[in-house]
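What follows is a short report on a single structure.
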Amino acid sequence: MATGLSLHVGLNEVDAARYEGWPGTLIACENDAHDMARLARTAGFEVITLLTAEGTAANVTSVLHEAADRLVPGDILLFTYSGHGGQVPDLDGPDDEPDRLDETLVLYDRQFLDDEVQHAFRAFVEGVRIVAFLDCCHSGSAIEISGGAPEDGTGRFMPEPRQRQLYDRDRSWFEELRSTLAKDCPADGTAPDALLVSACQDDQVAADGPVNGAFTGALLQVWDEGAFRGGYRAFHRDIQGLLPPTQSPNLYVTGTPAPDFLDQRPFTI
């Protein structure tokens with residue numbers, strides 16, 4: 001029998017001391033993580049949840065590495081993230097970003113590059129199914145990873161001036177990290193077989209909410225406590241239909257996931 005492992009990260013704030021005084025306060029991200037963990041547990045996954053201060057780069061990396069060591073072909077990893085998204089210039093890295101920006105997950109202690117997500121996913125053996133649901137801004141291709149803000153200010157994005165300030169502060173560190181990750185890339189540049197359903201496109205922002213983020217709330221509504229019976233494409237389409245054009249969820253794949261994987265009912269172990 002196949003094994004399903006899931007990691008759910010939800011951050012209602014970040015460590016202001018690490019972000020130059022910016023706390024990144026949000027409302028619904030921990031709720032999103034709890035609800036996605038409940039959904040996964042009901043589907044038979046073994047669940048790990050990291051909330052706010054637990055959502056550090058070291059903790060996320062550790063859980064993903066442990067999962068990669070354990071899962072074998074036919075198994076599945078489910079990774080969900082709810083929090084802020086960011087972007088940093090990719091001026092010196094490989095030419096893998098058309099917009100010359102690396103998308104980031106804004107974890108509690110630092111930004112987590114899309115290159116780091118790819119690196120973590122590459123550690124899984126071929127044949128492990130990898131699914132990610134990201135409820136954050138700039139997440140359209142955010143496992144590679146990867147505008148205007150909602151008028152009410154509830155977007156899950158790090159303000160652009162703050163992004164510039166932090167990038168200027170940490171530029172040399174990011175350059176060294178990218179160099180280290182690049183050395184571990186396969187010689188042929190192949191990407192892991194993974195599927196992402198994101199809250200929005202790379203150039204859009206995702207809305208927070210009083211109970212759930214707009215994307216997670218739509219996902220839960222479409223899932224309907226397990227009544228949904230379509231595949232990932234239909235799941236993405238139905239979620240997209242509940243959100244406005246200013247927040248258009250993306251279905252994105254890396255590598256060459258098998259067609260029967262894409263056609264599976266979501267959260268199938």
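We use all heavy atoms of the structure for the numbers below, so side chains are in, but hydrogens, waters and symmetry mates are not. Please read these numbers as outputs of a predicted model, since none were measured by experiment.
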Would you say the side chain of [Y] lies within less than 4.5 Å of the side chain of [X], judging by non-hydrogen atoms?
{"X": "Leu7", "Y": "Tyr81", "answer": "no"}
{"X": "Ile76", "Y": "Val128", "answer": "no"}
{"X": "Thr104", "Y": "Val88", "answer": "yes"}
{"X": "Arg110", "Y": "Phe112", "answer": "yes"}
{"X": "Thr3", "Y": "Phe45", "answer": "no"}

Test: side-chain hydrogen bond (donor to acceptor under 3.5 Å, both in side chains). Region: residues 53-65. Which pairs qualify, not counting sequence neighbours?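 Residue pairs passing side-chain hydrogen bond (donor to acceptor under 3.5 Å, both in side chains), neighbours aside: Thr56-Asn59, Ser62-Glu66.
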Give the minimum heavy-atom separation between [X] and [Y], together with the two atoms involved.
{"X": "Val14", "Y": "Tyr19", "value": "CG2-CD1, 3.5 Å"}
{"X": "Leu64", "Y": "Phe124", "value": "O-CZ, 3.6 Å"}
{"X": "Val253", "Y": "Leu262", "value": "CG1-CD2, 4.0 Å"}
{"X": "Ala206", "Y": "Cys137", "value": "N-SG, 3.0 Å"}
{"X": "Val106", "Y": "Gly86", "value": "CG2-N, 3.8 Å"}
{"X": "Leu77", "Y": "Ala67", "value": "CD1-CB, 4.2 Å"}

[X] side chain vs [Y] backbone, donor-acceptor pair below 3.5 Å:
{"X": "Asp208", "Y": "Ile27", "result": "yes"}
{"X": "Gln247", "Y": "Ala199", "result": "yes"}
{"X": "Arg129", "Y": "Thr268", "result": "yes"}
{"X": "Asp109", "Y": "Ala57", "result": "yes"}
{"X": "Ser248", "Y": "Cys200", "result": "no"}
{"X": "Gln204", "Y": "Pro245", "result": "yes"}
{"X": "Asn250", "Y": "Ser198", "result": "no"}
{"X": "Arg178", "Y": "Asp115", "result": "no"}
{"X": "Asp15", "Y": "Tyr108", "result": "no"}
{"X": "Gln165", "Y": "Glu20", "result": "no"}

Working to the nearest 0.5 angstrom, can you tell me the gap between [X] [atom1] and [Y] [atom2]?
{"X": "Leu219", "Y": "Ile239", "atom1": "CG", "atom2": "CD1", "value": "4.0 Å"}
{"X": "Leu11", "Y": "Leu26", "atom1": "CG", "atom2": "CG", "value": "9.0 Å"}
{"X": "Glu116", "Y": "His119", "atom1": "CD", "atom2": "NE2", "value": "9.5 Å"}
{"X": "Leu177", "Y": "Gln111", "atom1": "CG", "atom2": "CD", "value": "11.5 Å"}
{"X": "Gln264", "Y": "Ile269", "atom1": "CD", "atom2": "CD1", "value": "10.5 Å"}
{"X": "Leu196", "Y": "Ile130", "atom1": "CG", "atom2": "CD1", "value": "12.0 Å"}

Are [Y] and [X] linked, directly or through intermediate hydrophobic residues, by side-chain heavy-atom contacts shorter than 4.5 Å (ILVMFWY only)?
{"X": "Phe121", "Y": "Val125", "answer": "yes"}
{"X": "Leu113", "Y": "Trp173", "answer": "yes"}
{"X": "Leu242", "Y": "Phe235", "answer": "yes"}
{"X": "Leu51", "Y": "Phe79", "answer": "no"}

Just by distance, no angles: are the side chains of [X] and [Y] close enough, under 3.5 Å, to form a donor-acceptor pair?
{"X": "Thr254", "Y": "Gln118", "value": "no"}
{"X": "Thr80", "Y": "His8", "value": "yes"}
{"X": "Asp135", "Y": "Ser82", "value": "no"}
{"X": "Gln87", "Y": "Glu103", "value": "yes"}
{"X": "Asp32", "Y": "Asn212", "value": "yes"}
{"X": "Glu46", "Y": "Ser6", "value": "no"}

Report the C-alpha distance between Asn31 and Thr216 in whole Å, list the side-chain angles of each, state the deciding distance to 0.1 Å, and finish with yes or no for side-chain contact (heavy atoms from CB on, under 4.5 Å). CA-CA 10 Å; Asn31 288 343; Thr216 300; over 6 Å; no
Once ring-ring contact (aromatic ring centres under 6.0 Å, His included) is applied, do any residues pair with Phe133, and if so which ones, sequence neighbours excluded?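 Once residues adjacent in sequence are excluded, the partners of Phe133 under the ring-ring contact (aromatic ring centres under 6.0 Å, His included) criterion are Phe267.
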Restricting to ring-ring contact (aromatic ring centres under 6.0 Å, His included), what partner residues turn up for Phe261, sequence neighbours left out?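 Only Tyr232 meet the ring-ring contact (aromatic ring centres under 6.0 Å, His included) criterion with Phe261.
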Sidechain N-carboxylate O distance under 4.0 Å for Arg171, Glu176: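 Salt bridge between Arg171 and Glu176, a charged N being under 4.0 Å from a carboxylate O: no.
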Between Asp263 and Arg233, does the salt bridge (charged side-chain N to carboxylate O under 4.0 Å, His left out) criterion hold? Intermediate values first, please. CA-CA 7 Å; Asp263 292 338; Arg233 294 182 183 91; 2.7 Å; yes
Take the angle between the ring planes of Trp22 and His84 and call it parallel below 30°, perpendicular above 60°, tilted in between.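 Trp22 and His84: tilted rings.
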